[in-house]
**Q** 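The structure is given below, and queries will be raised subsequently.
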Amino acid sequence: MLQRLSICAPLLLVCASCGGAPKGSSDGDGGGEVIIKKVSLSWGVKPIGGSADIFLTVTDENGRATSHPMGRLPGECAIIDSGRPSTGAITAVLCKTGDVGIELDAIPRPGMIIVLKMGYAAGAEPDPLAGEEVAHVEVPIGAKIETR
């Protein structure tokens with residue numbers, strides 16, 4: 001019986017030391033490595049006559065920027081920094097002539113930013129159900145998304 005204990009005890013210690021959180025995760029004691037991705041979104045507006053070329057730039061935590069063209073929109077364009085709560089957008093750009101125009105909203109979803117194009121009329125909140133998806137921009141799943 002004593003011989004069995006002397007063989008089993010070291011095996012139990014080896015098995016117990018193999019458990020725990022996988023590498024790259026945090027087990028709450030500060031010993032695990034946590035990697036957090038971060039991306040920053042910004043709109044680019046290049047006026048051309050009575051229109052503007054619009055693009056969405058995604059910059060990662062290493063400073064690498066990727067520009068995504070969204071097309072040419074008519075009118076004078078302005079960035080809506082905080083987006084629109086009614087559509088879930090965290091940033092938007094509005095191009096309008098007078099009281100009507102087109103709005104592009106950047107809406108975060110797991111692993112992507114959806115860009116939604118909607119009509120705009122002064123005094124009315126844009127209808128996200130009437131919007132058209134014009135782009136899906138990939139971002140790392142779980143990334144912290146900031147706007148500039």
Side-chain angles (χ1 to χ4, degrees), residues 9-148:
L11 287 175
L12 287 173
L13 288 174
V14 169
C15 290
S17 67
C18 292
K23 185 174 182 179
S25 69
S26 177
D27 57 7
D29 66 2
E33 178 183 335
V34 177
I35 299 172
I36 298 176
K37 297 286 185 178
K38 181 175 90 169
V39 296
S40 180
L41 303 180
S42 61
W43 292 103
V45 178
K46 182 179 178 185
I48 299 176
S51 301
D53 285 340
I54 308 296
F55 55 93
L56 180 65
T57 300
V58 179
T59 306
D60 68 15
E61 70 273 3
N62 298 317
R64 184 177 38 238
T66 306
S67 178
H68 302 273
M70 297 293 142
R72 184 170 290 174
L73 297 178
E76 187 176 318
C77 300
I79 297 167
I80 304 170
D81 289 326
S82 60
R84 294 225 185 244
S86 62
T87 63
I90 57 173
T91 185
V93 64
L94 172 62
C95 298
K96 63 180 185 165
T97 303
D99 289 341
V100 295
I102 296 171
E103 182 174 313
L104 296 177
D105 285 10
I107 304 166
R109 295 290 183 258
M112 75 176 68
I113 301 294
I114 296 173
V115 179
L116 195 62
K117 178 181 178 181
M118 296 173 287
Y120 169 84
E125 201 56 37
D127 180 7
L129 297 177
E132 169 191 354
E133 290 183 14
V134 293
H136 291 164
V137 177
E138 287 187 31
V139 295
I141 292 177
K144 180 181 179 191
I145 301 171
E146 300 176 337
T147 59
R148 296 191 277 162

**Q** Who passes side chain to side chain contact (heavy atoms under 4.5 Å, CB included) against Asp99, sequence neighbours left out?
**A**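 Per chain and number, Asp99 pairs via side chain to side chain contact (heavy atoms under 4.5 Å, CB included) with Ala122.
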**Q** If you look at every heavy atom in Phe55 and Pro69, which pair is closest and at what distance?
**A**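 In terms of heavy atoms, the two residues are closest at CB-CA, 3.9 Å.
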**Q** Please say whether more than 12 non-hydrogen atoms of neighbouring residues, nucleotides or ligands are located less than 6.0 Å from CD in Glu125.
**A**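 Counting other residues, nucleotides and ligands, CD of Glu125 exceeds 12 neighbours.
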**Q** Identify the heavy atoms of Gly111 and Ile141 that sit nearest to each other, and give their distance.
**A**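 Smallest interatomic distance, heavy atoms only, reads CA-CG1, 3.6 Å.
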**Q** So which atom in Pro108 and which in Ile113 form the shortest heavy-atom distance, rounded to 0.1 Å?
**A**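 Looks like CA-CD1, 3.8 Å.
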**Q** Drop me the distance from Ile102's CD1 to Lys96's NZ, to the nearest 0.5 angstrom.
**A**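 Ile102 CD1 to Lys96 NZ: 13.5 Å, rounded to 0.5 Å.
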**Q** According to side-chain hydrogen bond (donor to acceptor under 3.5 Å, both in side chains), who are the partners of Ser51, at least two apart in sequence or on a separate chain?
**A**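 Partners of Ser51 under the side-chain hydrogen bond (donor to acceptor under 3.5 Å, both in side chains) test: none.
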**Q** How long is the straight-line distance from CD of Glu133 back to CG of Leu116, given to the nearest 0.5 Å?
**A**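 If we round to the nearest 0.5 Å, Leu116:CG and Glu133:CD are 6.5 Å apart.
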**Q** Could you work out, with salt bridge (Lys or Arg N to Asp or Glu O under 4.0 Å) as the rule, every residue matching Arg72, not counting sequence neighbours?
**A**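 Residues passing salt bridge (Lys or Arg N to Asp or Glu O under 4.0 Å) with Arg72: Asp53.
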**Q** Enumerate donor-acceptor pairs with a distance under 3.5 Å from any side-chain N or O in residues 75-83 to protein atoms, sequence neighbours excluded.
**A**
none

**Q** Supply the atom-to-atom distance Leu56 CG to Leu104 CG, rounded to the nearest 0.5 angstrom.
**A**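 Answer rounded to 0.5 Å: 9.0 Å.
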**Q** Working to the nearest 0.5 angstrom, can you tell me the gap between His68 NE2 and Met70 CE?
**A**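 His68 NE2 to Met70 CE: 7.0 Å, rounded to 0.5 Å.
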**Q** Could you go through the side chain to side chain contact (heavy atoms under 4.5 Å, CB included) check for Val45 and Val93 one step at a time?
**A** CA-CA 9 Å; Val45 178; Val93 64; 4.1 Å; yes
**Q** For the atom pair OG1 (Thr91) and CD1 (Ile145), what is the distance rounded to the nearest 0.5 Å?
**A**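 Answer for the OG1-CD1 pair, Thr91 versus Ile145, is 12.0 Å.
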**Q** Under the side chain to side chain contact (heavy atoms under 4.5 Å, CB included) test, which residues partner Ala65, sequence neighbours left out?
**A**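 So Ala65 forms a side chain to side chain contact (heavy atoms under 4.5 Å, CB included) with Thr57, Thr59.
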**Q** Not counting sequence neighbours, which residues clear side-chain hydrogen bond (donor to acceptor under 3.5 Å, both in side chains) with Thr97? List them please.
**A**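 Expected list: none.
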**Q** Supply the atom-to-atom distance Asn62 CG to Lys38 NZ, rounded to the nearest 0.5 angstrom.
**A**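 It is 10.5 Å, given to the nearest 0.5 Å.
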**Q** Between Asp105 and Ile107, is there a donor-acceptor pair closer than 3.5 Å when you use the side chain of the first and the backbone of the second?
**A**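 Between the backbone of Ile107 and the side chain of Asp105 there is no qualifying donor-acceptor contact (under 3.5 Å).
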